[in-house]
Undergrad: 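My structure is below; once you've seen it, I'll send some questions.
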Amino acid sequence: AAKNAPPAKSVRGNPETIIQGKIMDALGLLPGVKVWRNAIGTAVYESGAHVDYGVGGTGAPDLLLEVLHPPTGHWLAVWIEIKTPGGDVRPDQKVWHAAARRITKLSPVARNVGIARSIADALAIVAEVREHGRVVSAWEVSS
């Protein structure tokens, strides 16, 4: 059994969590979209063992989506960081997002990453990927 500290904010009272739930509900209704919550953290067991969970490590976005690209029939991965309208992107998140967007010899494909502050933002990110096969706009991500 893992022993972990309770969250600093309750799920019901955290504005970012509320927006995230609404965004997940809206995206989940779209055909050709699969959405997962990407919780990042470390479980600490009574034995003292530490087990990391989540995809991408510290700074990785809150949601991981698969979006069907109609022209090719391929499923594309899309990462979305959820923020409140006035919420700040943490430095570790900025580093992760910029690295994911960067094309290098070791990583020849840029990842689709965006920041959504509303349902409309999230829907627009998905629409952009469907239309262009990738994220085209900055979506507040530094590159």
Side-chain angles (χ1 to χ4, degrees), residues 1-45 49-143:
K3 57 177 184 175
N4 297 295
K9 299 177 187 177
S10 74
V11 171
R12 290 187 187 118
N14 184 342
E16 190 173 293
T17 302
I18 293 167
I19 292 171
Q20 179 177 285
K22 291 177 180 180
I23 288 172
M24 289 182 72
D25 287 347
L27 294 175
L29 294 174
L30 296 175
V33 175
K34 298 176 184 179
V35 61
W36 292 273
R37 167 74 174 100
N38 187 34
I40 302 292
T42 302
V44 180
Y45 290 85
H50 289 68
V51 177
D52 293 333
Y53 57 87
V55 179
T58 303
D62 297 309
L63 302 180
L64 176 56
L65 288 68
E66 288 183 349
V67 176
L68 181 62
H69 182 237
T72 63
H74 294 137
W75 286 87
L76 306 174
V78 180
W79 297 84
I80 299 180
E81 178 66 40
I82 307 300
K83 292 293 176 190
T84 60
D88 293 324
V89 180
R90 295 189 324 259
D92 61 318
Q93 292 170 329
K94 290 179 183 180
V95 167
W96 196 100
H97 299 174
R101 285 258 183 118
R102 193 172 305 118
I103 295 175
T104 67
K105 287 181 183 177
L106 294 176
S107 180
V109 178
R111 272 73 173 184
N112 296 304
V113 182
I115 297 170
R117 295 178 181 278
S118 65
I119 294 171
D121 286 352
L123 294 173
I125 291 169
V126 169
E128 192 170 277
V129 170
R130 282 187 165 157
E131 181 179 350
H132 301 285
R134 64 186 177 89
V135 170
V136 178
S137 304
W139 292 107
E140 298 185 59
V141 176
S142 314
S143 43

Undergrad: Which heavy-atom pair separates Ile40 from Ala60 by the least distance, and what is that distance?
TA: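 Residues Ile40 and Ala60, closest heavy atoms: CD1-CB, 4.1 Å.
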Undergrad: Taking atom NE2 of His97 and atom CZ of Arg90, what is their separation to the nearest 0.5 Å?
TA: 8.5 Å
Undergrad: Step by step, work out the side-chain contact (heavy atoms from CB on, under 4.5 Å) result for Asp62 and Arg37.
TA: CA-CA 6 Å; Asp62 297 309; Arg37 167 74 174 100; 3.8 Å; yes
Undergrad: Just so I know, are the side chains of Leu123 and Ser118 near enough to count as touching, which here means a heavy-atom distance under 4.5 Å?
TA: no
Undergrad: Indicate the atoms forming the closest heavy-atom contact of Ser137 with Val135, along with that distance.
TA: O-CG1, 3.4 Å
Undergrad: Just how far is it from atom CD1 of Ile115 to atom NZ of Lys94, taken to the nearest 0.5 Å?
TA: 8.5 Å
Undergrad: Is a side-chain N or O of Asp52 found less than 3.5 angstrom from the main chain of Thr42, in a donor-acceptor match?
TA: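 Checking the backbone N and O of Thr42 against the side chain of Asp52, no donor-acceptor pair under 3.5 Å is found.
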Undergrad: Go through the steps for Ile80 and Ile125 under the test side-chain contact (heavy atoms from CB on, under 4.5 Å), then give the verdict.
TA: CA-CA 8 Å; Ile80 299 180; Ile125 291 169; 4.2 Å; yes
Undergrad: What heavy-atom pair brings Leu76 and Gly133 nearest, and what distance separates the two atoms?
TA: CD1-O, 3.3 Å
Undergrad: State, with a plain yes or no, whether a side-chain heavy atom of Leu63 is found less than 4.5 Å away from one of Ile82.
TA: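 SC-SC contact between Leu63 and Ile82 confirmed.
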Undergrad: Within this structure, what is the CZ-CD distance for the pair Arg117 and Glu16, rounded to the nearest 0.5 Å?
TA: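 Arg117 CZ to Glu16 CD: 9.0 Å, rounded to 0.5 Å.
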Undergrad: Using distance alone, with no hydrogens and no angle criterion, decide if Asp92 and Thr58 have a side-chain donor and acceptor under 3.5 Å apart.
TA: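 No.
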Undergrad: Just so I know, are the side chains of Val33 and Leu65 near enough to count as touching, which here means a heavy-atom distance under 4.5 Å?
TA: yes
Undergrad: Under a 4.5 Å cut-off applied to non-hydrogen side-chain atoms, are Val78 and Val126 in contact?
TA: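 The answer is no; the side chains never approach within 4.5 Å.
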Undergrad: Which heavy atom in Ala122 sits nearest to a heavy atom in Ala116, and how many Å separate them?
TA: N-CB, 3.8 Å
Undergrad: Counting C-beta onward and ignoring hydrogens, is there a side-chain heavy-atom pair between Arg134 and Glu128 closer than 4.5 Å?
TA: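 SC-SC contact between Arg134 and Glu128 ruled out.
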Undergrad: Any ring-ring contact (aromatic ring centres under 6.0 Å, His included) pairs touching residues 19-38, not counting sequence neighbours?
TA: none
Undergrad: How far apart are the closest heavy atoms of Ala77 and Leu64, and which atoms are they?
TA: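 In terms of heavy atoms, the two residues are closest at CB-CD1, 4.5 Å.
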Undergrad: Working to the nearest 0.5 Å, report the span between CD of Gln20 and CD1 of Ile119.
TA: 12.0 Å
Undergrad: Please list all pairs passing the side-chain hydrogen bond (donor to acceptor under 3.5 Å, both in side chains) test where one or both residues lie in residues 66-78, with sequence neighbours left out.
TA: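 Matches after skipping sequence neighbours: His69-Thr72, Thr72-His74.
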Undergrad: Within the side chain of Asn38, is there an N or O that forms a donor-acceptor pair under 3.5 Å with the backbone of Pro61?
TA: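 A pair under 3.5 Å: yes.
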Undergrad: To the closest 0.5 Å, what do you measure between CH2 (Trp79) and CZ (Arg101)?
TA: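 Atom-to-atom, Trp79:CH2 and Arg101:CZ are 14.0 Å apart.
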Undergrad: Kindly compute the distance separating CD1 (Ile23) from CG (Asp121), expressed to the nearest 0.5 Å.
TA: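 The CD1 atom of Ile23 sits 7.5 Å away from the CG atom of Asp121.
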Undergrad: Any chance you could lay out the side chain to side chain donor-acceptor pair (under 3.5 Å) test for Gln93 and Lys83, step after step, and finish with the verdict?
TA: CA-CA 11 Å; Gln93 292 170 329; Lys83 292 293 176 190; 3.1 Å; yes
